[in-house]
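Every heavy atom of this structure was used, including side-chain atoms; hydrogens, water molecules and symmetry mates were not. Predicted model, so just to flag it, every value in this text is computed and none were measured.
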There are 2 protein chains.
Amino acid sequence: MARKPGSRAEITGPRLREAALRLFARHGYAAVSMRQIAAEVGVQAGALYQYIDDKQGLLFDLMRAHLEELLADWAASSPPAAPAPARLEHFARFHIRFHLTRPDAVFIAYMELRNLSPAHFAVIEALRRRYEDELEAILRAGQEEGSMAVPDTKLAAMALIAMLTGVNTWFREGGRLSRERVEDIYVDMVRKAVAG
Amino acid sequence: MARKPGSRAEITGPRLREAALRLFARHGYAAVSMRQIAAEVGVQAGALYQYIDDKQGLLFDLMRAHLEELLADWAASSPPAAPAPARLEHFARFHIRFHLTRPDAVFIAYMELRNLSPAHFAVIEALRRRYEDELEAILRAGQEEGSMAVPDTKLAAMALIAMLTGVNTWFREGGRLSRERVEDIYVDMVRKAVAG
DNA sequence: GGTTGAATTGAACAATTGTTCAGTCAAACA
DNA sequence: TGTTTGACTGAACAATTGTTCAATTCAACC
């Protein structure tokens, strides 16, 4: 019937995704078995198939949810019209904050692309492309305004995103540098890299 | 006794590594079976164990060989003493060229770290650290010379390497931009990003 | 309290995994 | 030519894989 809050299904579903995210990020998609995920959830492996089509569909769902959240958060936080340099700084800060907040999802979305079927891969690739286009639009605006010198906006967008996302590979909360300080330094490098 | 050139062993050994590199890069370490590698080499799976200890040792060998070649090539190409900006440009060009030349090895060395045993991981991590230190030394020199503004040399080194390595994710030979043009644009962004 | 229906179990499946090893082969030496 | 020696085969191994499904459990309804 209508599931009441607290029913088994409403608990198992989210926990399945949390466990899969953590395990895939830690050990890699191919190295994690459905039984390991099930054990983490506290359930037998067969029960997982009430919530997913198959293992690969689970990976796809995690990736898509991540990228859709990325695009939605960006759309919600993006300031309307502003000079390109301000929009660029806003993008850089948003990107770093968003990515540092969910390292597991970021890791999976970048590393497990080859485990997707071609159809699923195309969907994920298109979502990522939409995000890259957001940055590229800012750079193009800056170029046209004359406030930036960007000979190739596509290349520059890829380069800046790679640089910003790289923060996930080394930053650890409570380390030598605070998140705010890291953000400031990255923003400075980004700004200068495309300066006219 | 002494193996003659062209003996089976002298052919199988290198081909094993070539096949493993290609397959690991394409499908991921965990998703490739020893039998797939053996088939690619034209041999039965058991024969591979004449050349490797186990699957994970094979992965480790590939990574170590890659990073040692990176360090050796850098040491051989590095100009003696020069102003920091010139050394930085040299590093950027070297890095892009080296990485674009061997995308499979680069991919593996960045993506399959979690499949290494702790002992093997420590070795790989140390090698990578040595390379990062090479760039950091240049940035520190630039900061001391006054020719660069780098508030945190370690952070900047990580950021620049991430940006430069990112070229591998999108660049395709014969595409819109030539390798030389890509190199020039990246060098320009790198130079400006740390400019004073 | 009994009925319903979804959530879960637990066993089963065929296939595949990394690795070992006794036997076979073929090329290099004497 | 016969011997030696390393490379390779092919079968075997126990373990594990993703996935299915009849049977069971258990909470929500009448």
Side-chain angles (χ1 to χ4, degrees), chain A residues 1-24 26-63 108 112 114-117 119-120, chain B residues 1-24 26-63 108 112 114-117 119-120:
Chain A
M1 285 297 188
R3 288 169 314 188
K4 279 284 177 71
S7 71
R8 286 175 294 174
E10 291 206 353
I11 292 180
T12 303
R15 290 191 35 162
L16 159 57
R17 273 158 177 80
E18 286 163 27
L21 200 67
R22 186 171 52 249
L23 289 172
F24 287 167
R26 193 113 62 211
H27 308 293
Y29 167 80
V32 173
S33 71
M34 298 305 291
R35 284 170 180 81
Q36 286 175 58
I37 300 173
E40 199 91 346
V41 179
V43 108
Q44 293 297 318
L48 302 181
Y49 287 84
Q50 204 108 38
Y51 306 93
I52 62 171
D53 293 338
D54 51 18
K55 192 190 179 190
Q56 203 238 130
L58 169 59
L59 175 63
F60 171 67
D61 282 347
L62 294 175
M63 286 187 177
I108 290 172
E112 304 292 1
R114 55 192 168 186
N115 291 302
L116 294 176
S117 70
H120 283 165
Chain B
M1 243 13 198
R3 289 169 311 188
K4 280 285 177 69
S7 72
R8 283 176 296 174
E10 290 205 355
I11 292 180
T12 303
R15 290 193 30 162
L16 158 58
R17 275 161 175 80
E18 286 163 28
L21 199 68
R22 185 171 53 249
L23 289 172
F24 287 168
R26 191 115 61 210
H27 306 106
Y29 167 79
V32 173
S33 71
M34 298 305 292
R35 284 169 181 82
Q36 284 175 59
I37 300 173
E40 199 91 346
V41 179
V43 109
Q44 292 297 318
L48 303 181
Y49 288 84
Q50 204 110 34
Y51 305 93
I52 63 170
D53 293 338
D54 51 20
K55 192 190 179 189
Q56 201 239 131
L58 169 58
L59 176 63
F60 171 68
D61 281 347
L62 294 175
M63 287 187 176
I108 290 172
E112 305 292 0
R114 55 191 168 185
N115 291 301
L116 294 176
S117 70
H120 283 165

Heavy-atom closest contact (A:Asp54 atom, A:Tyr49 atom, distance): CA-CE2, 4.1 Å
Under 3.5 Å, which protein N or O atoms sit close to an N or O of nucleotides 21-23 of chain C? Give each pair with its distance.
none

For A:Gln56, side-chain hydrogen bond (donor to acceptor under 3.5 Å, both in side chains) partners two or more places apart: A:His120
According to side chain to side chain contact (heavy atoms under 4.5 Å, CB included), who are the partners of A:Ala31, at least two apart in sequence or on a separate chain? A:His27, B:Ala30
In sequence, state the C-alpha distance, the side-chain angles, and the governing distance for A:Leu58 and A:Ile37, and then conclude on side-chain contact (heavy atoms from CB on, under 4.5 Å). CA-CA 11 Å; A:Leu58 169 59; A:Ile37 300 173; 4.2 Å; yes
Any side-chain N or O of B:Gln50 under 4.0 Å from OP1/OP2 of D:dA7? yes
Closest non-hydrogen atoms of A:Arg15 and A:Val41, given as atom of the first, atom of the second and distance, are NH2-O, 3.0 Å
Tell me, which pairs form a salt bridge (Lys or Arg N to Asp or Glu O under 4.0 Å) where one or both residues lie in residues 26-50 of chain B, sequence neighbours left out? B:Arg22-B:Glu40
Test salt bridge (charged side-chain N to carboxylate O under 4.0 Å, His left out) applied to A:Asp61 - qualifying residues, sequence neighbours left out: A:Arg17, A:Arg64
Interface residues of residues 27-35 of chain B with DNA chain C (non-hydrogen, below 4.0 angstrom): B:Val32, B:Ser33, B:Met34, B:Arg35
Over how many whole Å does the gap from A:Leu48 atom CG to C:dA7 atom C1' extend? 12 Å
note: B:Leu58, atom CG; C:dT19, atom P; distance rounded to Å ~ 10 Å
Tell me, please, which residues at least two apart from B:Arg114 pass salt bridge (charged side-chain N to carboxylate O under 4.0 Å, His left out). A:Glu112
Could you pull out the closest heavy-atom pair between B:Leu23 and B:Val32, with the gap in Å? O-CG2, 3.4 Å
Among D:dT19, D:dA7, C:dT8, which nucleotide has an atom closest to any side-chain atom of A:Lys55? D:dT19
So what is the 5' to 3' dot-bracket string for DNA chain D, if pairs are Watson-Crick or G-U wobble with both distances under 3.5 Å, crossing pairs use [ ] and | means the partner sits on another strand? ||||||||||||||||||||||||||||||
Could I get the full list of salt bridge (charged side-chain N to carboxylate O under 4.0 Å, His left out) partners for B:Glu18, not counting sequence neighbours? none
For B:Leu16 and B:Val43: C-alpha separation, side-chain torsions, deciding distance, then whether side-chain contact (heavy atoms from CB on, under 4.5 Å) applies. CA-CA 10 Å; B:Leu16 158 58; B:Val43 109; over 6 Å; no
Looking at A:Thr12, does any N or O in its side chain come under 4.0 Å of the phosphate oxygens OP1/OP2 on C:dT8? yes
Here the distance between atom P of D:dT20 and atom CG of A:Asp53, to the nearest Å, is 10 Å
Closest approach to the side chain of B:Gln44, judged atom by atom: which nucleotide of C:dA7, C:dT19, D:dG10 is it? D:dG10
Compare the minimum distances between each of C:dA7, C:dT19, D:dT19 and the side chain of A:Tyr51, then state the nucleotide with the smallest one. C:dA7
